[in-house]
Protein chains: 2
Amino acid sequence: MTPQVIEPVSHESLAVVLQVREDRLCVLLWQRAQSPARGCWALPGGLLAVGESLESSIQRHLAAKVDVAELAHLEQLETRSDPSRLHGHRLLATAYLGLIPIDAEPAVPDDTCWHPVDALPPLAFDHAELVAAGCERLRSKLSYTNIGFALAPATFTISELREIYRAALGHEISASNLSQVLLRRQEITPTGGARRPGPAGGRPAATYRFCTRTLEVTDRFAVLRPPAPATSGS
Amino acid sequence: MTPQVIEPVSHESLAVVLQVREDRLCVLLWQRAQSPARGCWALPGGLLAVGESLESSIQRHLAAKVDVAELAHLEQLETRSDPSRLHGHRLLATAYLGLIPIDAEPAVPDDTCWHPVDALPPLAFDHAELVAAGCERLRSKLSYTNIGFALAPATFTISELREIYRAALGHEISASNLSQVLLRRQEITPTGGARRPGPAGGRPAATYRFCTRTLEVTDRFAVLRPPAPATSGS
DNA sequence: CCAAAAGTGTTGAATGTACACCCATGG
DNA sequence: CCATGGGTGTACATTCAACACTTTTGG
């Protein structure tokens, strides 16, 4: 309709990196030392380089903040393009969701630290919305995929897994129901091993592991599923 | 790690526009008259202009192909950034999913027409994957949101709605179960009116409409839901 | 032998599919 | 009065939350 100049535009990748720390879901943020938004906290990321995909870009920039080998899962969230998202500066941003297992303890630079998602400091630009979108994506996928593998250690007890789910979902979870659901869906399986009880005693806890450590949908088509195939007798 | 030149890059918006036509889910495609991918079919879209958001961009480009007022729903799908997605040309693409109600009959240019998604011609670049992603998004959301409103006319009988769901999902749906589910979820409501029976007779069909025509999640948290609040025994 | 932690089983509610049955209309 | 399409109700299966009960350890 209205004639408009067409020209290339700068593009950045950002990451909402989540990890459960001290029973709370936390996001990795760094504090801006320079204008704009000086002093505000921001998501890690940076500009897209020539010949680079967005996924490579976010991995490259994340490497400056954490050991990307610790990333158990990475998926694209959404792309923001509001011309005013950076107060007049023109910059598109594609956000990713990254997950780090609870037992990883990546070293981070001085300007970077973890913040509980339910007690965030003032965030730069539209980063607060992106954190919210990342948490929402994680919470949804916890209920219909095996994405818990990306927050959990290699082996764990049901109690430990329950702490992780509780922190990520933000509400209580029954340990017995959790194991029932995840076992029936064949997301987790017993390792055969057990954990020694604590000083207060108690029955030793069996250890489990996720059957696969890549994303799988375990509850597809809750409703409006295809009709059952005629059960061939015999 | 590896030092790389950073510079702006061109960006396009693309749309997977879906409509049920003659009982089949169809996607809007136009045929490329010029190289590259000459003769191949492609998704509508075009380059992002200065000072424009991606959402504005896709609406502007779509306006050249269809009446955007017919679009009942538009949402972002994903952003593709593989440097080789255009055979060496560097161009990012953000894809959108657009839905058009069955009773809209938008005029389209000569180079543009509707193709059933289960019988696609050769598509340019990565457009086939984007069509698949759009269909998958639609099918998933049909089972846990009210997104059917964007494919259905303002009022409809259960039989008509069943045809739409069947075409979109790609499998049979029972009319009685469909109405049961959608009524219980309060997605649809009877209008009070009825449709005259056809020449073969039959009971007049009651007409319904969607309660709201904006996207709402109607089946959130199939599992791992928060504990029931203590019922305050009044 | 008792408290604490873990695991198992049962119950009841909700949801969904399949299917039988009843209703209204045109010929 | 019967065929045809539309609508309602019931039976059954599955899934899940809630909770009681049992098991295994440390003191």
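Model, not experiment: these values are computed from the prediction. Reminder, nothing fancy here: chain letters follow the sequence lines and each chain counts from 1.
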Undergrad: For C:dT25, does the base pair up with any side-chain atom of B:R203 as donor and acceptor (N or O, under 3.5 Å, distance only)?
TA: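 No such pair is found, so the answer is no.
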
Undergrad: Could you state the NE2-P distance from A:H171 to D:dC16, rounded to the nearest angstrom?
TA: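 Answer to the nearest Å: 14 Å.
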
Undergrad: From CD of B:E187 over to P of C:dT15, roughly how many Å is that when rounded to an integer?
TA: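 Spelled out: CD on B:E187 to P on C:dT15 is 13 Å.
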
Undergrad: Does either side chain, that of B:T79 or that of A:T79, offer a donor lying less than 3.5 Å from an acceptor on the other one?
TA: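 Judged by distance alone, the side chains do pair up.
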
Undergrad: Any side-chain donor-acceptor pair under 3.5 Å between B:H127 and B:E129?
TA: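 No, no side-chain donor-acceptor pair sits under 3.5 Å.
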
Undergrad: State, yes or no, whether a side-chain contact exists between A:L92 and A:R80 at a heavy-atom distance under 4.5 Å.
TA: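 They are not in contact (no side-chain heavy atoms under 4.5 Å apart), so the answer is no.
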
Undergrad: For B:G202 and for B:Y208, locate the closest nucleotide of DNA chain D by heavy-atom distance; then report the residue assigned to the nucleotide nearer the 5' terminus.
TA: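 It is B:G202 whose nearest nucleotide is closer to the 5' end.
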
Undergrad: Ignoring backbone atoms, establish whether B:R196 has a side-chain N or O less than 4.0 Å from OP1 or OP2 of C:dG26.
TA: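 Answer is yes, contact under 4.0 Å.
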
Undergrad: Can you check the B:R195 CZ to C:dT25 C1' distance for me, whole Å?
TA: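 Atom-to-atom, B:R195 to C:dT25, this comes out as 16 Å.
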
Undergrad: Have B:T157 and B:S159 got a donor and an acceptor in their side chains that come within less than 3.5 Å?
TA: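 No, B:S159 and B:T157 have no side-chain donor paired with an acceptor closer than 3.5 Å.
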
Undergrad: Would you tell me if any nitrogen or oxygen in the side chain of B:R185 comes within less than 4.0 Å of OP1 or OP2 on C:dG16?
TA: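 Yes, B:R185 has a side-chain N/O under 4.0 Å of OP1/OP2 on C:dG16.
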
Undergrad: Answer with yes or no whether the side chains of A:N146 and A:T212 bring together a donor and an acceptor at under 3.5 Å.
TA: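 The criterion, which ignores hydrogens and geometry beyond distance, is satisfied for A:N146 and A:T212.
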
Undergrad: Map B:L183 and A:P204 onto DNA chain D by nearest heavy atom, then report which one ends up closer to the 5' terminus.
TA: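 The answer here is B:L183.
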
Undergrad: Between B:P199 and A:A205, name the one whose nearest nucleotide on DNA chain C is closer to the 5' end.
TA: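 Checking each residue's closest nucleotide, the 5'-ward one belongs to A:A205.
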
Undergrad: Considering only heavy atoms from C-beta outward, does the side chain of B:Q19 approach that of B:L99 to under 4.5 Å?
TA: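 When only atoms from C-beta onward are counted, B:L99 and B:Q19 do not touch, as no gap falls below 4.5 Å.
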
Undergrad: Compute whether any side-chain donor of one residue and acceptor of the other, for B:T191 and B:T207, lie under 3.5 angstrom apart.
TA: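 Side-chain D/A pair, B:T191 to B:T207: present.
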
Undergrad: Of the options A:E55, A:Q59, A:H61, which is the one that meets A:S13 in a side chain to side chain contact (heavy atoms under 4.5 Å, CB included)?
TA: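 That would be A:H61.
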
Undergrad: Between B:L74 and B:L97, does the side-chain contact (heavy atoms from CB on, under 4.5 Å) criterion hold? Intermediate values first, please.
TA: CA-CA 6 Å; B:L74 184 68; B:L97 170 64; over 6 Å; no

Undergrad: Could you list by number each residue of residues 172-182 of chain A showing a heavy-atom separation from DNA chain C of less than 4.0 Å, or answer none if no residue does?
TA: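 Those residues whose heavy atoms fall under 4.0 Å from DNA chain C, taken from residues 172-182 of chain A in numerical order, are A:S176, A:Q180.
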
Undergrad: Hey, can you pull the residues of residues 156-166 of chain A with a non-hydrogen atom under 4.0 angstrom from DNA chain D?
TA: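 Residues of residues 156-166 of chain A that come under 4.0 Å of DNA chain D do not exist, since none gets that close.
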
Undergrad: Rounded to whole Å, please give me the gap between CG in B:L169 and P in C:dG16.
TA: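 To the nearest whole Å, that distance equals 14 Å.
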
